[in-house]
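Each ligand, and each atom within it, is numbered from 1 in the order the structure gives. Worth saying up front: this structure is predicted, and the values here are computed from it rather than measured.
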Amino acid sequence: MITLSAVTKSYGTGADALRDVSLEIGKGEFVCLAGPSGAGKSTLLRLLLREDVASSGQVLVEGTDLATLGREARQAYRRTVGFVFQDFRLLPERTVFENVATVARVMGQSRAHQWRRASSLLQQVGLQHRMESFPLQLSGGEQQRVAIARALMNEPSLLLADEPTGNLDRALSIEVMDIFRTINASGTTVVMATHDQDLIAYVNRRVVQLQQGQVTDDRRPE
Ligand SMILES: Nc1ncnc2c1ncn2[C@@H]1O[C@H](COP(=O)(O)OP(=O)(O)OP(=O)(O)O)[C@@H](O)[C@H]1O
Ligand SMILES: [Mg+2]
């Protein structure tokens, strides 16, 4: 599903954020991206979301070279991807429900469908009672859970998550991982960056280790 071939990403400042990274991720895999701060994890996720392009090398998703996508194709591509990023990116002037449902609205789904799915996801992340709140009225962990519900709203074929449990306690982190495992079992490919070794052990799936922009280890559980 995803093929990175000799991908280098330079921001033009200091060392390359990614250096000659080649990686294949199959459809339906659950991959944890591990590695210290500055290793290149977020950079790799941003390339997969096509928020940024590689300086050299190729990023292919389902056979499409993401660098070749024009504006509209890029938007269409992003609608097939769910993402949870470190800074949540919620719309402050929209309610929790609207933040989660927007994707479905853009895709022309009925209000009834939006309501059912958004309520069900918000319930799964324990926020059904905050549907009418605004993001800034929520704690960091609550905002993170709204972002997770939003990412799952359109049943994405690819879920990208950058430290999705960074603001959550252990019990909530485990619940979020269980939601990810369920969506992965239904066919969604998951790529998740995390520092959290306990979480990586709990997930117990493929782990790609990055260090100074390079893949230093890539292992699957026995
Ligand atoms: N927009 C940017 N402009 C310049 N340099 C950047 C930019 N974004 C990231 N970098 C640099 O690229 C390298 C990789 O950063 P990246 O954010 O991908 O690391 P990370 O593994 O996600 O780290 P963390 O665990 O702290 O989130 C770092 O050296 C960082 O300083
Ligand atoms: Mg990061």
Side-chain angles (χ1 to χ4, degrees), residues 2-25 29-61 65-67 69 71 74 77-78 81-90 135 139-148 150-152 156 158-170 172-174 176-177 179-180 189-203 205-219:
I2 297 171
T3 307
L4 281 81
S5 315
V7 169
T8 292
K9 176 64 191 176
S10 164
Y11 291 105
T13 51
D16 295 337
L18 291 175
R19 191 150 36 103
D20 197 26
V21 170
S22 294
L23 191 63
E24 293 242 12
I25 298 175
E29 277 201 272
F30 192 141
V31 178
C32 294
L33 289 179
S37 183
K41 304 180 298 294
S42 298
T43 299
L44 179 46
L45 291 174
R46 280 199 298 272
L47 294 181
L48 290 176
L49 186 60
R50 183 49 174 88
E51 276 209 330
D52 211 340
V53 286
S55 308
S56 64
Q58 265 189 333
V59 181
L60 300 179
V61 177
D65 180 345
L66 297 189
L69 298 181
R71 212 176 109 84
R74 192 161 77 222
Y77 167 69
R78 289 216 189 116
V81 180
F83 58 94
V84 186
F85 276 176
Q86 276 171 312
D87 54 2
F88 318 138
R89 303 186 194 180
L90 300 174
S139 72
E142 288 168 339
Q143 291 181 42
Q144 193 151 32
R145 285 181 279 150
V146 176
I148 289 165
R150 181 185 56 184
L152 301 178
L158 174 61
L159 176 64
L160 305 173
D162 199 351
E163 303 284 355
T165 60
N167 294 279
L168 305 182
D169 62 29
R170 181 75 5 206
L172 276 172
S173 300
I174 296 288
V176 167
M177 282 312 99
I179 296 171
F180 281 18
T189 307
V190 179
V191 184
M192 173 178 82
T194 183
H195 286 113
D196 187 336
Q197 286 302 327
D198 293 342
L199 211 61
I200 290 174
Y202 179 75
V203 169
R205 300 294 288 273
R206 180 177 174 192
V207 182
V208 172
Q209 192 82 35
L210 285 174
Q211 207 129 21
Q212 296 179 345
Q214 292 190 296
V215 175
T216 55
D217 194 28
D218 184 352
R219 61 179 73 187

What do you reckon, does Gly38 put a non-hydrogen atom under 4.0 Å from ligand 1?
yes
re atom 27 (O) of ligand 1, the protein heavy-atom contact at minimum distance is Gln86 NE2, 3.4 Å
Note to self: Whether the side chain of Arg150 engages the backbone of Phe88 through a donor-acceptor N/O pair (distance < 3.5 Å, no angle test) should be reported.
What the structure shows: yes
Q. Quick one: does Lys9's side chain have a donor or acceptor within less than 3.5 Å of a partner on Gly213's backbone?
A. no
Honestly, for Arg46 the part within reach of ligand 1 (heavy atoms, under 4.0 Å) is side chain
Q. Can you check whether Arg50's main-chain N or O pairs, donor with acceptor, with Arg78's side chain at less than 3.5 Å?
A. yes
I'd like to know if the side chain of Ser10 and the backbone of Asp16 have a donor-acceptor N/O pair within less than 3.5 Å.
no
message = Could you check whether atom 30 (C) of ligand 1 has a protein contact, counting only heavy atoms that fall below 4.0 angstrom?
response = no
inquiry  = If the cut-off is 2.8 Å, does any N/O/S atom of Ser42 fall short of it from the Mg ion (ligand 2)?
reply    = yes
Among Ser37, Gly40, Ala15, the residue with a heavy atom nearest to atom 24 (P) of ligand 1 is Ser37
re atom 9 (C) of ligand 1, the protein heavy-atom contact at minimum distance is Tyr11 CE1, 3.3 Å
Numbered in order shown, the ligand 1 atoms found under 4.0 Å of a heavy atom of Ser42 are 17 (O), 18 (O), 20 (P), 22 (O), 27 (O)
Thr43 heavy atoms within 4.0 Å reach ligand 1 at atoms 14 (C), 15 (O), 16 (P), 18 (O)
Nearest heavy-atom approach of Tyr77 to Leu48 is OH-O, 2.6 Å
Counting from 1 in the order shown, the ligand 1 atoms closer than 4.0 Å to a non-hydrogen atom of Pro36 are 21 (O)
Nearest non-hydrogen protein atom to atom 25 (O) of ligand 1, with distance, is Lys41 NZ, 2.7 Å
| Any side-chain donor paired with an acceptor under 3.5 Å for Asp20 and Thr8? | no
- Query: Quick one: are Leu44 and Leu33 in side-chain contact, heavy atoms under 4.5 Å?
  - Reply: yes
Counting only heavy atoms not in Glu29, do more than 12 fall under 6.0 Å of its CD? yes
The closest protein heavy-atom partner of atom 12 (O) of ligand 1 is Ala17 CB, 3.3 Å
So for Thr13 against ligand 1, with non-hydrogen atoms under 4.0 Å, the contacting part is side chain
For His195, the ligand 1 atoms with a heavy-atom partner under 4.0 Å come out as 25 (O)
Looking just at side-chain N and O atoms, do Tyr11 and Thr43 make a donor-acceptor pair shorter than 3.5 Å?
yes
